[in-house]
Amino acid sequence: MTTKQVSETLGNEIELLDQMIKCVQEYDGSHFTNQGKFIQNSWERFLNDRRTTNSTLLESDANIKADLNSERIQVEAYIAQTDPDPNYSETWRKFLVCEKEILDHLIERCD
């Protein structure tokens, strides 16, 4: 995979994120508990942040591999702060580890 293909992959992810964001925004969570509403809002914020990051990477003239590595470092910091206890009420850690693995794969594919 070339850097160009990595860029195309990030663009594909933006399309997926747009649909996921739309789904979270349009889902009627009015019956949710306060914690459920918080989680719904957290997902929307996280997905929007991820979309913004991808857009910034695609628009940047900088080295995309270096940018992806910076993002991986940030995700690793988030992973370190999450509670790995399986009884933890939010399982962000599993999601973040998956996100890190995707970044690792993209970084490996950059030329």
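Note that the numbering runs from 1 along the sequence shown for the chain.
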Distance in Å, [X] [atom1] paired with [Y] [atom2], rounded so as to fall on 0.5 Å steps:
{"X": "Asp67", "Y": "Leu103", "atom1": "CG", "atom2": "CG", "result": "11.5 Å"}
{"X": "Asp28", "Y": "Glu26", "atom1": "CG", "atom2": "CD", "result": "11.5 Å"}
{"X": "Gln40", "Y": "Gln25", "atom1": "CD", "atom2": "CD", "result": "9.5 Å"}
{"X": "Asn48", "Y": "Asp18", "atom1": "CG", "atom2": "CG", "result": "9.0 Å"}
{"X": "Ile14", "Y": "Ser55", "atom1": "CD1", "atom2": "OG", "result": "3.5 Å"}
{"X": "Asn34", "Y": "Ile39", "atom1": "CG", "atom2": "CD1", "result": "11.0 Å"}

Problem - Centroid-centroid under 6.0 Å between Tyr27 and Trp43 rings - result: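 Distance test on ring centres: not under 6.0 Å, no.
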Practice task
Identify whether Ile102 and Ile73 are in the same connected component of the hydrophobic contact network (ILVMFWY, side-chain heavy atoms under 4.5 Å).
Solution key: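 Cluster IDs for Ile102 and Ile73 differ.
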Heavy-atom pair with the smallest gap, counting every atom of [X] and [Y]:
{"X": "Lys37", "Y": "Gly29", "value": "CE-O, 3.6 Å"}
{"X": "Leu10", "Y": "Leu106", "value": "CD2-CD1, 4.0 Å"}
{"X": "Leu58", "Y": "Ser7", "value": "CD2-O, 3.2 Å"}

Exercise for the section: Please examine the side chains of Leu96 and Lys100, heavy atoms only from C-beta on, and report whether any two atoms are closer than 4.5 Å. Expected result: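 Counting from C-beta outward, Lys100 and Leu96 never come under 4.5 Å.
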Problem - NZ/NE/NH1/NH2 to OD/OE distance under 4.0 Å, Arg45 and Asp49 - result: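 A salt bridge is absent here (no side-chain N lies under 4.0 Å from a carboxylate O).
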Handout entry: Short side-chain to backbone donor-acceptor contact, Glu44 and Ile21, under 3.5 Å
Key =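 Not at all, since once roles are kept as given, no pair shorter than 3.5 Å links the two residues.
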Problem - Side-chain donor-acceptor contact under 3.5 Å, Asn69 with Arg72 - result: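 Per modelled atom types, Asn69 and Arg72 side chains form a pair under 3.5 Å.
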